[in-house]
Amino acid sequence: MMKWIQGFLGKHKRLAVYDEIWRSLPPYLGFTPPKKQYWQITICSDTEMRGVGRVILACLTASMRSEQDPGHLSTAAQSDLKHAIRAVRALSDFYLIAQYRIYTSKTIKHMSKYLQDFHRYRHIFGEFRASKADHKKDKGASKDLRVSQARQSTISNYFQVTARQKANEGCADRQK
C-alpha cells in the first residue's frame, strides 16, 4: 500500500507536500516518528509499521488538502482522493484491529467490514499495482541476474580477484 500511495501522490503532484508532513510528525506516546522520508522506506519493523498505520491516513488527507500547495484539485482528483482515503482508512483500520491479542465476534465483524470496504475502493490504486506480466518480467530478470552473478563468480575465482574488486562488483549487481 505504501508504494500505491506514493504513486497516487506522484500522479497528483503532492509527494513533496506529503514528505514535508511526514518529516514534521512529532513524537508522542506509542509513536516514534520515522527517520526516513516516506519514499525512502523499504522495510519496516513491526513497531515502525504500527506507527505508519496510525498516521498514514492523516498524512494522506493533509497532503491532498494542503493549503500550502497552490494547485487546487480538479473534480476528478477530488473523487480519486475520496476513494483513496476510504481505501487507506479501511486497510489501516483492518491492520490496527488485526494487532489485537484477542478477537471477539464483534472485532471479526469489524475486520470483515474493513476488508470489504478496502476491496470496494482499491481500484483507485490499480494503475500503481504490479500486474502479472510485471511479476513475470521481474522473475525473468532476477533469474538472469543470478545466472550472470554465478558466471561472474566463476570468472572472478579463476582470476583471483581482490576483495575490494568483489565488493565493487557486488555493489554494482545490487544496484542493477
Side-chain angles (χ1 to χ4, degrees), residues 1-69 73 77-139 141-143 145-146 174-175:
M1 183 174 73
M2 293 176 73
K3 291 290 182 192
W4 299 350
I5 291 173
Q6 185 177 342
F8 180 80
L9 291 166
K11 175 183 175 183
H12 295 288
K13 298 175 179 67
R14 300 296 175 115
L15 193 53
V17 176
Y18 187 90
D19 269 336
E20 186 179 320
I21 293 167
W22 184 258
R23 285 182 304 210
S24 67
L25 292 172
Y28 58 88
L29 186 62
F31 174 72
T32 304
K35 294 178 176 90
K36 297 179 180 178
Q37 291 181 337
Y38 182 78
W39 55 271
Q40 291 177 325
I41 296 175
T42 55
I43 299 174
C44 290
S45 69
D46 288 342
T47 306
E48 291 170 328
M49 191 53 102
R50 263 181 265 143
V52 167
R54 291 178 181 144
V55 299
I56 198 165
L57 181 62
C59 290
L60 174 65
T61 305
S63 66
M64 293 301 285
R65 297 176 188 244
S66 175
E67 298 295 325
Q68 300 167 355
D69 196 6
L73 295 174
Q78 288 175 0
S79 174
D80 287 354
L81 171 63
K82 286 179 184 177
H83 289 287
I85 287 173
R86 287 177 177 152
V88 171
R89 177 181 175 212
L91 198 57
S92 296
D93 288 346
F94 176 86
Y95 176 75
L96 292 172
I97 290 178
Q99 295 174 22
Y100 288 4
R101 293 179 188 212
I102 298 172
Y103 302 103
T104 64
S105 60
K106 197 173 190 177
T107 56
I108 291 173
K109 283 180 187 176
H110 283 298
M111 288 176 70
S112 178
K113 179 189 174 298
Y114 292 142
L115 202 53
Q116 288 173 359
D117 287 348
F118 170 71
H119 285 291
R120 186 178 308 128
Y121 297 110
R122 72 183 175 143
H123 65 86
I124 198 67
F125 298 116
E127 64 189 279
F128 311 113
R129 295 189 321 229
S131 66
K132 288 181 181 180
D134 293 334
H135 286 296
K136 198 172 188 177
K137 266 194 256 180
D138 287 347
K139 279 186 179 180
S142 63
K143 183 179 178 183
L145 185 59
R146 281 193 305 273
R174 282 190 296 279
Q175 287 176 347

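Only a predicted model underlies this, so the values are computations on that prediction, with no experimental measurement involved. For the numbers below, each heavy atom of this structure counts, side chains included, while hydrogens, waters and symmetry mates do not.
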Just distance, no hydrogens or angles: give the donor-acceptor pairs under 3.5 Å from side chains in residues 105-114, sequence neighbours left out.
unit_1, atom_1, unit_2, atom_2, d
T107, OG1, T104, N, 2.7
T107, OG1, T104, O, 2.9
K113, NZ, D117, OD2, 2.9

Could you give the distance from CZ (F125) to CG (L91), rounded to the nearest 0.5 Å? 9.0 Å
Value for CZ (F8) from OH (Y18), rounded to nearest 0.5 Å, stands at 11.5 Å
Closest heavy-atom pair and its distance - Y103, I97: CE2-O, 3.5 Å
Applying salt bridge (Lys or Arg N to Asp or Glu O under 4.0 Å), which residue pairs with at least one partner in residues 93-104 are found, sequence neighbours left out? R89-D93
With sequence neighbours left out, the residues meeting side chain to side chain contact (heavy atoms under 4.5 Å, CB included) with I85 are L57, L60, T61, R65, L81
Rounded to the nearest 0.5 Å, how far apart are CG of L115 and CZ of F118? 8.0 Å
Derivation and outcome, side chain to side chain contact (heavy atoms under 4.5 Å, CB included), residues I5 and C59: CA-CA 11 Å; I5 291 173; C59 290; over 6 Å; no
Just jot down the side chain to side chain contact (heavy atoms under 4.5 Å, CB included) partners of Y121, sequence neighbours excluded, or say none. H83, R86, A87
Side chain to side chain contact (heavy atoms under 4.5 Å, CB included) involving K11 - partner list, sequence neighbours excluded: D80, E127, F128
For residues W4 and I124, determine if any side-chain heavy atom of one lies less than 4.5 Å from a side-chain heavy atom of the other. no
Heavy-atom closest pair (I56 atom, S92 atom, distance to 0.1 Å) is CG2-OG, 3.6 Å
Report the residues that fulfil salt bridge (Lys or Arg N to Asp or Glu O under 4.0 Å) with R122, sequence neighbours left out, ordered by chain and then residue number. none
